[in-house]
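If you're wondering where the values come from, they're calculated on a predicted model, not measured in any experiment. These values consider heavy atoms only, across backbone and side chains, with no hydrogens, waters or symmetry-generated copies.
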Amino acid sequence: MKRISLTQYLVEQQRDRGQIPPPLRLLIETVARACKRIAISVNKGELGDVLGSADTENVQGEVQKKLDVIANEVLIEANVWGGHLAAMASEEMDSIHVVPDRYPQGEYLLLFDPLDGSSNIDVNVSIGTIFSVLRKVTNQRGVSEEDFLQPGKQQAAAGYCVYGPQTTLVLTVGDGVVMFTLDRETGSWVLTERQMQIPADTKEFAINMSNQRHWAPPVRRYIDECLAGKTGPREKDFNMRWVASMVADVHRILSRGGVFLYPWDQREPEKPGKLRLMYEANPMAFIVEQAGGVATNGRQRILDLLPTKLHERVSVVLGSKNEVQRVTSYHLDETPPAA
Ligand code: P6P
């Protein structure tokens with residue numbers, strides 16, 4: 001495959017496919033540049049005095065890591081002046097960040113989890129940035145939180161960056177999934193995968209097993225059957241992986257298949273799940289579907305869900321089509337598809 005840069009790829013998509021209007025191209029290039037900047041801070045670790053807690057809390061009531069705050073600021077500062085955005089929303093900010101009047105306002109809304117997997121920052125395990133792009137669809141002047149409350153199927157683009165052994169950027173604008181790898185010598189994002197595809201079947205599941213006693217019956221049934229292996233109803237052995245960084249787990253699934261589950265559990269029964277719909281589940285669901293996978297909340301397609309709050313949470317089951325459909329059928333209590 002010819003190795004081209006992110007800019008060349010976006011220009012080609014814009015010129016040849018009309019898939020990426022200029023303001024969206026500027027948005028994606030700006031986010032990609034911000035991710036390079038975040039990668040530099042992440043890679044410094046102790047040398048950059050960026051590890052540990054920031055001694056502040058975010059809207060979720062979680063203690064923020066220094067790098068959470070740094071990554072959030074980098075994304076805000078990189079995107080606020082370009083004229084491509086009307087506003088931004090982040091896991092790390094209670095309310096939306098409207099582009100100030102001193103800058104032109106654009107038609108796009110950018111949402112992000114600036115640094116997903118924070119519990120892994122201080123122990124040098126892969127973390128990442130997740131982003132989602134919506135269009136401002138109401139014509140009224142100004143922008144409010146309500147403008148963000150659109151179902152995930154309305155996304156114009158979605159992507160994530162993994163700060164891991166390689167620094168990789170995965171992106172979809174609704175025309176398949178591409179991957180870029182950061183060439184640190186030139187500072188360029190280089191196209192390394194033109195069409196990521198998730199195998200329909202897998203032998204690998206990703207879930208936090210320590211919550212097993214808290215799960216609902218359909219999830220317990222599914223995982224018990226995986227654990228029963230060859231001697232059980234699935235008649236094959238399964239493997240388990242859990243990085244506790246959604247970006248890393250999803251990237252593995254995009255790369256070799258698998259099923260990722262963060263289901264509702266009875267620890268906090270009033271919450272539908274742990275992960276956030278707008279800037280974790282929706283972008284990942286868009287990417288997974290564009291790569292031939294499936295993403296549900298156990299019962300419904302995630303991209304069809306109509307959000308009611310910016311920071312609302314959701315159960316997530318995503319990855320290899322046949323496995324996600326099986327988990328979903330157990331929730332809907334239908335007979336699972338033939339093995
Ligand atoms: P647990 C990271 O904090 C995160 O939001 C996701 O990236 C990850 O999949 C999940 O939470 C891990 O949760 O309960 O296993 O620590």
Side-chain angles (χ1 to χ4, degrees), residues 1-10 13 28-48 50-51 65 67-68 70-71 74-75 78 112-132 157-173 176-199 202 204 206 239 241-258 260 280 283-284 286-288 290-293 318-320:
M1 176 182 63
K2 183 164 172 287
R3 294 254 160 105
I4 60 174
S5 69
L6 173 66
T7 303
Q8 185 174 344
Y9 171 80
L10 293 173
Q13 290 293 309
I28 293 169
E29 285 185 306
T30 305
V31 170
R33 196 174 308 114
C35 288
K36 270 197 279 191
R37 177 70 194 73
I38 294 168
I40 289 166
S41 295
V42 166
N43 292 154
K44 276 209 172 69
E46 203 54 63
L47 299 177
V50 294
L51 299 184
K65 300 279 191 179
L67 273 170
D68 283 322
I70 291 167
V74 166
L75 282 158
F112 44 83
D113 179 356
L115 209 59
D116 175 67
S118 302
S119 63
N120 285 322
I121 291 176
D122 297 345
V123 294
N124 197 18
V125 169
S126 297
I127 49 184
T129 297
I130 309 173
F131 66 92
S132 167
Y160 62 80
C161 188
V162 183
Y163 310 114
Q166 301 98 44
T167 300
T168 52
L169 177 71
V170 170
L171 171 70
T172 185
V173 292
V177 179
V178 288
M179 178 170 88
F180 300 87
T181 302
L182 182 61
D183 177 340
R184 293 185 170 284
E185 288 164 32
T186 61
S188 284
W189 289 108
V190 177
L191 182 66
T192 43
E193 277 291 340
R194 222 182 231 283
Q195 185 71 42
M196 298 188 87
Q197 280 293 309
I198 302 176
T202 183
E204 203 160 61
N239 192 16
R241 286 285 182 275
W242 187 249
V243 183
S245 282
M246 187 185 197
V247 283
D249 283 313
V250 169
H251 191 72
R252 185 190 57 256
I253 289 168
L254 269 169
S255 306
R256 69 185 191 208
F260 171 97
E280 288 178 330
M284 291 310 201
F286 187 19
I287 291 164
V288 162
Q290 283 291 312
L318 61 77
S320 291

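For Ala78, the side chain to side chain contact (heavy atoms under 4.5 Å, CB included) partners are Thr30, Ala34, not counting sequence neighbours. Not counting sequence neighbours, the partners of Asp249 by the side chain to side chain donor-acceptor pair (under 3.5 Å) test are Arg252. Take Tyr160 and apply the ring pair (Phe, Tyr, Trp, His ring centres under 6.0 Å) test, not counting sequence neighbours, and it matches His251. Applying the side chain to side chain contact (heavy atoms under 4.5 Å, CB included) rule to Asn239 yields the partners Glu204, Arg241; only residues at least two apart in sequence or on another chain are considered. Shown here are the ring pair (Phe, Tyr, Trp, His ring centres under 6.0 Å) partners of Phe180, two or more places apart in sequence or in another chain: Tyr9. In this view, Arg3 satisfies the salt bridge (charged side-chain N to carboxylate O under 4.0 Å, His left out) rule with no residue, not counting sequence neighbours. Residues passing the side chain to side chain contact (heavy atoms under 4.5 Å, CB included) test with Ser320 are Ile198, Thr202, sequence neighbours excluded. Remark: Asp68 engages no residue in a salt bridge (charged side-chain N to carboxylate O under 4.0 Å, His left out) (not counting sequence neighbours). Annotation: side chain to side chain contact (heavy atoms under 4.5 Å, CB included) contacts of Glu193 (sequence neighbours excluded): Met179, Met196. Every ring pair (Phe, Tyr, Trp, His ring centres under 6.0 Å) that Phe260 has, sequence neighbours left out, goes to Trp242. Among residues two or more places apart in sequence or in another chain, the salt bridge (charged side-chain N to carboxylate O under 4.0 Å, His left out) test is passed with Lys65 by Asp122.
Side-chain atoms of Ser5 never come within 3.5 Å of backbone atoms of Val190 as a donor-acceptor pair (strictly under, hydrogens ignored). The main-chain N or O of Leu169 is never found under 3.5 Å from a side-chain atom of Trp189 such that the two would form a donor-acceptor pair. Panel note: side chain Thr167, backbone Gly164; no donor-acceptor pair is recorded below 3.5 Å. Looking at Asp116, its side chain does come within 3.5 Å of a backbone N or O of Met246 through a donor-acceptor pair.
Taking CG of Asp113 as the start and OG of Ser132 as the end, the distance is 11.5 Å to the nearest 0.5 Å.
The side-chain heavy atoms of Phe131 and Leu171, taken from C-beta on, include a pair separated by under 4.5 Å.
Sorted by first and then second residue, the salt bridge (charged side-chain N to carboxylate O under 4.0 Å, His left out) pairs involving residues 33-47 (not counting sequence neighbours) form an empty list.
In this model, no donor atom of one side chain and acceptor atom of the other lie less than 3.5 Å apart for Asp183 and Ser188.
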Check the pair Ile127 / Val247 against side chain to side chain contact (heavy atoms under 4.5 Å, CB included), numbers first and verdict last. CA-CA 7 Å; Ile127 49 184; Val247 283; 5.6 Å; no

Is there a side chain to side chain contact (heavy atoms under 4.5 Å, CB included) between Val125 and Val243? Walk through the geometry before answering. CA-CA 8 Å; Val125 169; Val243 183; 3.7 Å; yes

